[in-house]
Amino acid sequence: MEGGGSDGSDLDNLKATELKLGLPGTGEQEKLPSILPRSSKRAILEANEGPSKRNSSEIKSVERDQKPAAKAQIVGWPPIQSYRKNSYQAMKMEAEPTGMYVKVSMDGVPYLRKIDLKVYKGYEELREALEDMFKCFSLGEISRMNESNGYEYAITYEDKDGDWMLVGDVPWEMFISSCKRMRIMKGDEARGLGSTP
Amino acid sequence: MTYFPEEVVERIFDFLATHRDRNAVSTVCKTWYRVERLSRRSVFVGNCYAVRPERVVARYPRLRSLTVKGKPHFADFNLVPHDWGGFALPWIEAAARGCPGLEELRLKRMIVFDESLELLARSFPNFKVLVLISCEGFSTDGLAAIATYCRVLRELDLQENEMEDRGPQWLSCFPDSCTSLVSLNFACLKGEVNAVSLERLVARCPNLRTLRLNRAVSVDTLSKILARAPHLVDLGTGSFTIDHRAEAYHKLINNFIKCKSLRSLSGFWDATPRCLPAVYPICGNLTGLNLSYAPAIQGADLIKLIRQCSKLQRLWVLDCIGDKGLAVVANTCKELQELRVFPSDVYGEGIAAVTEEGLVAVSSGCPKLISLLYFCHQMTNAALITVAKNCPQFTRFRLCILDPGKPDPVTNQPLDEGFGAIVQSCKDLRRLSLSGHLTDQVFLYIGMYAERLEMLSIAFAGDSDKGMVYVLNGCKNLRKLEIRDSPFGDAALLEDVGKYETMRSLWMSSCDVTLGGCKTLAAKMPRLNVEVINEMDESDELEENPSDLHRVEKMYVYRTVAGPRNDAPDFVWTL
């Protein structure tokens, strides 16, 4: 017995891996749990089926490494008291309510700024944001070290080990997880960094 | 026995400790029935719809302690609509009319309104104990009524309730003359309380032994309270964040040291590792520790703490304790009886914090372990077989593998053999929750071996009706069966309809039972309430004339002498 068309179920699986912010059981009616029991012959579907008898469709054997976000789709699973679940939600949200704020200093500027690294998707956006922030102070573009034309500044950051690194070398995710603070270096110091092979 | 005067018979009945025994003697003869009912002090109603409150009160007019449970267990996981039922008011009203001597009321999973609490407070002059677990519908106004009118209140115990906060005044409603408190637990309260009122209350109640604060109570207040009440036995801290260099920290440590009687600790909201040393002085005496709301305490800090708790009997932690941490528990906590490991990362995958290794370690190191709740990412048959061999004394075994339907990762086999070993080895097993990939085979084992089993929870398991039938046929002492997302249908449901009268209740959701099957069951068994819960609000078809072939999403069956209930909402059909 076949449930919906097999093409349809691929799309359904994809939809099911969509990250949703709500608690399971809230929000949309249509919830497809994509982690399905291996040999189960049933489709675990939510209500909008219509009056027809429930078809027990063939379940595709779901990959074990399916995206974990899909787990949130099964109502009432894992079986944790909603009281406890709500407490954990509240604690999680409070733990990171304001994202990843780091201080940014710029040489010669009397005060520092703070930016939320989580807001940016990558180095480009970060650079633009910094340029914008320090517009009134900078004499030129805050550019990448690798540019061959003249530059006035270099963006550096202090990592977990306390070392000052040049921004841009490592993947973005790695950067934001190890960056403790940033410093926009100018002039000679910057050039000194640039000349390292 | 009938030649003894009734007073003597009554004294003999006093020795009967359990409800079951008392229920049994009441059926022997009319005299015994009368003696028993007039001397009965305590009644337990496992399902509030199994009997009418008026009936209970009429039969036991000298009742002093009443316990009533409402919603089915799966309501804890949002599977039961909020307004399904389970109202406390009819019980309180009936008791107010018929048992004015009531002293204790314990309610679980019921809807309790402020009006009900107010009626309660005003109706029973001797009222001493109120315990509300997983209830909802009331606010701090209701608590204010309790505090104001219950002159001899001993216990106010609020566990995991969803209650509305209408301000901190309620605590100040305890009159100055109230000095009788022995136990006060408001950990689930979300709002603030007046610190001064709290300290004063604690100071004037010399018999206070249990105090569980909520998150809004600061460490400073906690310190002052400990100073006033060093005789506390059970403490739930409030917010446990302190700067470890501050004076407040040193005061706290000193006050903890004075608490020689402290045996149980919980709370630890917002606790960070820095604050933990404050409790080191009393760790050696602890028999109970609940760190399941302290996600910031992990790894090495957690281990360091546990190493000092050699007398622990009850431990609740998050899975960030890791297998390593559980090995430390196994080495240190030789008195451990109950272990609960909760998942810290509920929706994401995160790091597989605990696996079968941790469980095996604890099973081999803790010879007194009898109760387990274990959330993990994976489990193997080999591990379960080892655990079964190490711990044949389990009475409660609840295993939740977070990925539903996940097989043994080593052999790719279902976990039938593992759970089979558990039920075969643990002859006293009363409660069992299954998870992982399971076929009908595991139910065959359960039916064969789990003779003492009273409660069974099944999710995403089984292949066919045979599975459920094995359980219904085999488990003679089964009282509660709850099943979700498993392929059991009408044939299984109707195999032995008489069985359900020997049980408290049956819950089936997202299974293959049809409306027709439910109707058949209801027709055959008039003393069962067969409730079909339909939450589908967009489907008009159901309201008109749903076909008998239509699959039922949620079904709740329970035995009752009260007939169909009269307070069911529209979406609940009693067939």
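Every chain is numbered from 1 and lettered A, B, ... according to where its sequence line falls, protein lines coming before strand lines. Note that the structure is predicted; figures quoted are calculated from it, not measured.
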[X], part contacting chain A, at a heavy-atom distance under 4.5 Å:
X       : answer
A459(B) : side chain
S292(B) : both
R484(B) : side chain
E160(B) : both
L373(B) : neither

Spatial distance of atom CD (E136(B)) from atom OG (S82(A)) [nearest 0.5 Å]: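 Separation between the atoms: 8.5 Å.
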
Beyond-backbone contact of F375(B) with P79(A), side-chain heavy atoms, under 4.5 angstrom: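 When only atoms from C-beta onward are counted, P79(A) and F375(B) do touch, with a gap below 4.5 Å.
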
Validation row: N78(B), K85(A) side chains within 4.5 angstrom (heavy atoms):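 N78(B) vs K85(A): side chains apart.
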
Partner chain A: residue of I401(B), D76(B), L318(B) with the largest heavy-atom pair count (under 4.5 Å):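 Top count of heavy-atom pairs under 4.5 Å with chain A: D76(B).
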
W77(A) (side chain) donor-acceptor with L402(B) (main chain) under 3.5 angstrom: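 Yes.
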
Nearest heavy atoms of F460(B) and I74(A), plus distance in Å: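 Minimum heavy-atom contact is CZ-CG2, 3.8 Å.
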
